[in-house]
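The next block holds one structure in the form of structure tokens; read it before the comments.
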2 protein chains.
Amino acid sequence: MKEKLKEHIENLIPLTDEEFSLILSHVSFEKYKKNDCIIQEGEDVKNCYLVINGLLKLVYDDKNGKQHIVSFAMEDWWESDFSAYFSQTKAKMSLQCIEDTTVYSLSFKNHQKLSTELPKMKQFFLEKSNSGHSASQNRILSFLTSNAKERYEQLLKQYPLLFQRVPKTLLASYLGVSRETLSRLSS
Amino acid sequence: MKEKLKEHIENLIPLTDEEFSLILSHVSFEKYKKNDCIIQEGEDVKNCYLVINGLLKLVYDDKNGKQHIVSFAMEDWWESDFSAYFSQTKAKMSLQCIEDTTVYSLSFKNHQKLSTELPKMKQFFLEKSNSGHSASQNRILSFLTSNAKERYEQLLKQYPLLFQRVPKTLLASYLGVSRETLSRLSS
DNA sequence: AATCGAGCGTGACATACATCACAATTATAA
DNA sequence: TTATAATTGTGATGTATGTCACGCTCGATT
């Protein structure tokens, strides 16, 4: 597990063993079971999470009780209700396990502490945030330019694994179409 | 103009006069006219821009020649094709002036230089990136949960000024509906 | 003043997609 | 194993939105 964390960070910035120890002392390793709720809508968002194994969904429940998937988080992804995390307010989304999942959890306090004690981590977080921002913009573009079928094909192309790991209902909820429509697209 | 830049940065992090001078030496003040193209699709993206006065649109031209607005950028906003900017590749979107516009331009090189010479700027860029990411996620949510009429109302509520500054056709292109549909929504 | 084009509204029609209902299959748990 | 729930496909129908066509207004240009 530690190796995966180290690898993940060194993918962007090199680390000495001491530096990695410092990082390790600021995060905590946690295990969740399928259907567990890591972040609950309405509660404080104290942490963000790096997925080591498993699969999460970041969901928004609308007023009609319908669930919308803002994002999937698979191995090697950071996820949280970042809006609430950074402003330290209540979650308006939930983070739930689609599979049994292991994560490294980083609290907001330790996030700040680590950023000052090990400034190069700021660079790391910045690059992560930038790529998250780019990914979101691509998703917006796909809503603007593509119909349901095209969005579905783009998703399959981008994350072929996802297709086997999550029920179609969830893919539909991510794509913004009904499960019936998605079903008809496949045929 | 300098005051606006200083104010903008000090909104997030305090600066000494020396620090601000250092920043000033890394950016350049530029003026553009309505309909000018600041970033052209297909070309290198060397800079990102802080809007001081005016209004920009970040647009994507699809294969059918249709224009889609990924983002508006008004006073106090940073904008660029960030995906291309950070990876230093060709722009897949264009950045165009809706009004006469003045900006501060920051090259990628100076961005890096500034980040190392004045580490607290990393914090600034990080916070900017985070809020950009949050804004994008909200836009995604609005596509997932709302129909055209609701998205239109949300937009008006969030940016009441925009309504008076840009033609409806552009609002439609931002919302992802045809101008005819948008027109019918208003009545 | 005359002309042109951008912006906007609106009718008629086509299409993509949602919703509701039901059945079949497959996983999960008791 | 049996029972129960989750997942998926598919028909019938309704609705939101796109597309094409036309005309009106208003400001810019000549």
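Naming: A, B, ... by sequence-line order, numbering from 1 per chain. Note: hydrogens, waters and symmetry copies are ignored here, and every other heavy atom, side chains too, is used.
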Look at the side chain of [X] and decide which nucleotide, out of [options], has an atom nearest to it.
X	options	value
B/Thr181	D/dT19, D/dG18, D/dT10	D/dG18
B/Arg179	D/dC22, D/dG9, D/dT8	D/dC22
A/Lys168	C/dG9, C/dT19, D/dT8	D/dT8
A/Arg184	D/dG9, C/dT10, D/dA12	D/dA12
A/Asn147	C/dC17, D/dT17, C/dG7	C/dC17

Below 3.5 Å, does any donor atom in the side chain of A/Glu180 face an acceptor in the base of C/dC20, or the other way round? yes
I want to check one thing: is the phosphate of [N], taken as OP1 and OP2, less than 4.0 Å away from some side-chain N or O of [X]?
X	N	result
A/Thr169	D/dT8	yes
B/Lys66	D/dT19	yes
A/Lys34	C/dA27	no

Using atom [atom1] of [X] as one end and atom [atom2] of [N] as the other, report the distance to the nearest whole Å.
X	N	atom1	atom2	value
B/Asn64	D/dT19	CG	C1'	13 Å
A/Asp100	C/dT28	CG	C1'	14 Å
B/His68	D/dG18	NE2	C1'	13 Å
A/Leu182	D/dT8	CG	C1'	10 Å
A/Leu170	D/dA6	CG	C1'	11 Å
A/Leu171	D/dT8	CG	C1'	12 Å
B/Phe163	C/dG7	CZ	P	15 Å
A/Arg151	C/dC17	CZ	C1'	10 Å

Look at the rings of B/Trp78 and B/His8 and say which category their plane angle falls in: under 30° parallel, 30 to 60° tilted, over 60° perpendicular. tilted
Rounded distance [0.5 Å steps], CG in A/Leu106 versus NZ in A/Lys113: 11.0 Å
Base, sugar-phosphate or nothing for B/Ser178? Non-hydrogen atoms, less than 4.0 Å. base
Evaluation steps, side chain to side chain donor-acceptor pair (under 3.5 Å), between A/Asn130 and B/Ser129: CA-CA 6 Å; A/Asn130 285 337; B/Ser129 178; 2.9 Å; yes
Heavy atoms of B/Ala91 and B/Ala84 approach each other most closely as CA-CB, 3.9 Å
Sidechain-backbone polar pair: A/Ser107 side chain, A/Lys46 backbone, donor-acceptor under 3.5 Å: no
NZ/NE/NH1/NH2 to OD/OE distance under 4.0 Å, B/Asp61 and B/Lys66: no
Five-pair end axes of the helix from C/dA1-D/dT30 to C/dA30-D/dT1, angle between them (10°): 50°
How about B/Tyr104 and B/Tyr49: are their ring centres within less than 6.0 Å of each other? no
Flag the pair B/His111 / B/Phe125 as yes when their ring centroid distance falls below 6.0 Å, and as no otherwise. yes
